[in-house]
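Scroll down for the structure; my scribbles are underneath it.
Model, not experiment: these values are computed from the prediction. Quick note: numbers below take in every heavy atom, side chains included, and nothing from hydrogens, waters or symmetry partners. Residue numbers start from 1 in every chain, and the chains themselves are labelled A, B, ... in the order their sequence lines are given, proteins ahead of strands.
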Protein chains: 2
Amino acid sequence: MPTHAVNKNGNSKSAVRRHNEEAILKAAESVFAESGFRGATTGQIAERAGIPKPNLHYYYPTKESLYRRVVENIFNVWLQAANSFDDCDDPEEALTRYISTKMDISRSHPNGSKVWANEILHGAPVIQDYLETTLRSWTDGRIAVIEKWIQQGRMRPVNPRYLLYMIWSCTQHYADFNHQIDTLNHSVPLSDEQFAEAKEQVVDIILNGVGVVRSKPAA
Amino acid sequence: MPTHAVNKNGNSKSAVRRHNEEAILKAAESVFAESGFRGATTGQIAERAGIPKPNLHYYYPTKESLYRRVVENIFNVWLQAANSFDDCDDPEEALTRYISTKMDISRSHPNGSKVWANEILHGAPVIQDYLETTLRSWTDGRIAVIEKWIQQGRMRPVNPRYLLYMIWSCTQHYADFNHQIDTLNHSVPLSDEQFAEAKEQVVDIILNGVGVVRSKPAA
DNA sequence: GTCTATATTTCGATAGAC
DNA sequence: GTCTATCGAAATATAGAC
């Protein structure tokens, strides 16, 4: 009788395996964020995960398979944030929640965002298929929602596609460029209060910019 | 009598040297943008520049010295764009010109912008000193200008620092993430017309967002 | 100034004992 | 499942002839 759990596929996954895989993923995310795919070494990742290097190759056969898992993780976090977009039909609430959630993710998952940025920067050699399938269809769906709001006269006529790019760039900037932001903040990370102000202002400028009147304007 | 020019430092710089240095810099910018610092190989750069690998080391002793030159180049391009900010005292014109110029640079120098993004993403290991000196003092100066406009009641009260971050992120996104943008555009680069529309919209949303009335609103 | 050949280092991946 | 020892590939940098 095995002491480990058996998953739905009939494969076994011991607690040790789960723990190690998790530690490796977390270490990989931070090392890939710091050094990029090629700059990261499996030795560094193993060291940060607290295991010998060969064990890393035991759990993830190649460096690329590990990298791909890290990229998929942040992408799925963002996809869930997109629910803010569908859960309600009011542009003010939907946009406010979506932008706020994306800012929160930049605060809580800066490393994942950096790995994604790095991947796109270099032409998406590993996750190009995601861009062409999942991201493309998600984007088209959200564009349709925004176009409906515009037709209803609930916001100014803007190109929804470029509005989405604006939201993505403004929010992810606080993760991807946080080193520059910290340096310009006397080399100290933004406090919770500063970050809250930045978040409020991003929401405020974009909503005002697209002509959505806010019921709870900035103080 | 030498056939080459003599520069102000008394050092000589032949036309051959100038030509090779220029070709290496351009090749390096594109290779570093594609692959990052560590991912780029001096062999690739030399090949793209059309010279043998050892010659590259003759002109630039180390890979890092070459990289630093590339990063300094894009930074100086952006600094010149900042003149748009000082040449006039009207917030509408100054912001419009600054944002437009930054968008144009994203269109004309996507590789330089990517190399910069990559450098910041990884914690600015090479140009940290630039962040702490030139960028910090430039930012403080521009913040003072924006604060003056706010005090004069010519725009809504926003935190100038986070407004600058917004402008930087929205504009540089069209360079750094152009692969993602192209993929979402049916895997075709934005046409001049599409890019012009994106540029107009970035200007429009930000100016409306900060309460600057535009004398030439979008069509 | 140029370029062939090579020294040196580093890292991804694996063999094989436990 | 774990880990020591090591192989083999690749890339930076240089030596030295021209």
Partner residues of B:Arg136 under the side-chain hydrogen bond (donor to acceptor under 3.5 Å, both in side chains) criterion, sequence neighbours left out: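 A:Ser187.
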A:Trp138 and A:Tyr98 aromatic ring geometry - parallel, tilted or perpendicular at 30°/60° bounds: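 A:Tyr98 and A:Trp138: tilted rings.
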Any pair with a residue in residues 33-46 of chain A that passes side chain to side chain donor-acceptor pair (under 3.5 Å), sequence neighbours left out, goes on the list, sorted by first then second residue, please.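 Output for this query lists A:Glu34-A:Arg48.
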For the rings on A:Phe75 and A:Trp78, is their centre-to-centre separation under 6.0 Å?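 Not under 6.0 Å, so no.
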Which residues pass the salt bridge (charged side-chain N to carboxylate O under 4.0 Å, His left out) test with B:Lys26, sequence neighbours left out?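 With neighbours one apart ignored, the set is empty.
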With sequence neighbours left out, write down each residue that passes salt bridge (charged side-chain N to carboxylate O under 4.0 Å, His left out) with B:Lys63, or none if nothing qualifies.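 Applying salt bridge (charged side-chain N to carboxylate O under 4.0 Å, His left out) to B:Lys63 gives none.
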When you measure from every atom of DNA chain D, which of residues 24-47 of chain A have a heavy atom less than 4.0 Å away?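 When residues 24-47 of chain A is checked for heavy atoms under 4.0 Å from DNA chain D, the hits, listed by number, are A:Arg38.
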Take the protein atom [atom1] of [X] and the nucleotide atom [atom2] of [N], then report the distance between them rounded to whole Å.
{"X": "A:Tyr60", "N": "C:dG12", "atom1": "OH", "atom2": "C1'", "answer": "18 Å"}
{"X": "A:Lys63", "N": "C:dT14", "atom1": "NZ", "atom2": "P", "answer": "14 Å"}
{"X": "A:His57", "N": "C:dT14", "atom1": "NE2", "atom2": "P", "answer": "7 Å"}
{"X": "A:Tyr67", "N": "C:dG12", "atom1": "OH", "atom2": "C1'", "answer": "17 Å"}

Any chance you could list the contact pattern along nucleotides 2-9 of chain D? Use B for base contacts, S for sugar-phosphate-only contacts and - for none, protein heavy atoms under 4.0 Å, 5' to 3'. SBBB----
Hey, does B:Ile74 have a side-chain heavy atom less than 4.5 Å from the side chain of B:Ile105?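 The answer is yes; the side chains approach within 4.5 Å.
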Check: A:Phe177 and A:Gln172 side chains under 4.5 Å, non-hydrogen atoms: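 Counting from C-beta outward, A:Gln172 and A:Phe177 never come under 4.5 Å.
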